[in-house]
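Right, one structure below, let's go through it.
We number each residue from 1, following the sequence as shown.
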Amino acid sequence: MANDNEKTTFPAVPGWFDISTPDSSRTRAFYQEIFGWTINALDDTYAMVSSGEGPPSGGIGQAGPESPYVGVVPYFPVADVEAALAQAEKLGGSVKMPPQDTPAGRIAVFTDPDGNNVGVMSS
């Protein structure tokens, strides 16, 4: 990670998004109808989302009682997920979902000082 005097920049465009909802079936149908997204349900709890061209760019998941968040979370690519979380905490954010490995790479979620959920993903 860069020291305090160095800045590392990453794209200001999300590399992924998640929509976590208490009714994933309803939410999948809603977004498929409004945006024409291709929805590929992996199981009853999670579906991959794409525009029909290219790889998936997001997902819709079933939120349960233990879910770390409900709502839309953009995931931004970073070189080091743990370092990004540490920097978020240093700047007044809070870890919402600790780092975990997924088939697409390492991810985590933090809240910014205003309570907005933001994800980071390994680039």
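- Hydrophobic clustering (side-chain heavy atoms under 4.5 Å, transitive across Ile, Leu, Val, Met, Phe, Trp, Tyr) keeps Met121 apart from Phe17.
- Residues satisfying the side-chain hydrogen bond (donor to acceptor under 3.5 Å, both in side chains) test with Thr27, not counting sequence neighbours, are Thr21.
- Atom CG in Asp80 sits 11.5 Å away from atom CD in Gln87 (nearest 0.5 Å).
- Of all non-hydrogen atoms in Pro98 and Ala108, the two that sit nearest each other are C-CB, 4.0 Å.
- For Glu89 (side chain) and Ser94 (main-chain N/O), no donor-acceptor pair under 3.5 Å exists by modelled atom type.
- Interatomic distance, Tyr69 OH to Lys96 NZ, rounded to the nearest 0.5 Å: 10.5 Å.
- Between Phe110 and the choices Leu91, Val120, Val73, the side-chain contact (heavy atoms from CB on, under 4.5 Å) rule is met once, by Val120.
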Distance-only donor-acceptor pairs under 3.5 Å for side chains of residues 35-53, two or more places apart:
residue : atom : partner : partner atom : Å
Asp43   : OD1  : Thr45   : N            : 2.7
Asp43   : OD1  : Thr45   : OG1          : 2.7
Asp43   : OD1  : Tyr46   : N            : 3.0
Tyr46   : OH   : Asp18   : OD1          : 2.4
Ser50   : OG   : Gly52   : N            : 3.3

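- Proximity of Met97 to Ile107: side-chain heavy atoms (C-beta onward) are separated by under 4.5 Å at one or more points.
- Among residues at least two apart or in separate chains, side-chain hydrogen bond (donor to acceptor under 3.5 Å, both in side chains) pairs with a member in residues 114-123 are Asp112-Asn116.
- By the 4.5 Å side-chain criterion applied to Ile, Leu, Val, Met, Phe, Trp and Tyr, Val13 is assigned to no cluster and stands alone.
- Every residue was checked against the side-chain hydrogen bond (donor to acceptor under 3.5 Å, both in side chains) condition with Tyr31, not counting sequence neighbours, and none meets it.
- The line from OG1 of Thr102 to OH of Tyr75 is 8.5 Å long, rounded to the nearest 0.5 Å.
- Taking the salt bridge (Lys or Arg N to Asp or Glu O under 4.0 Å) definition, one finds that Glu82 meets it with Arg106, sequence neighbours left out.
- The two residues Pro22 and Val70 have their closest heavy-atom pair at CD-CG1, 4.0 Å.
- Within 6.0 Å of CD on Glu33 lie no more than 12 heavy atoms contributed by other residues, nucleotides or ligands.
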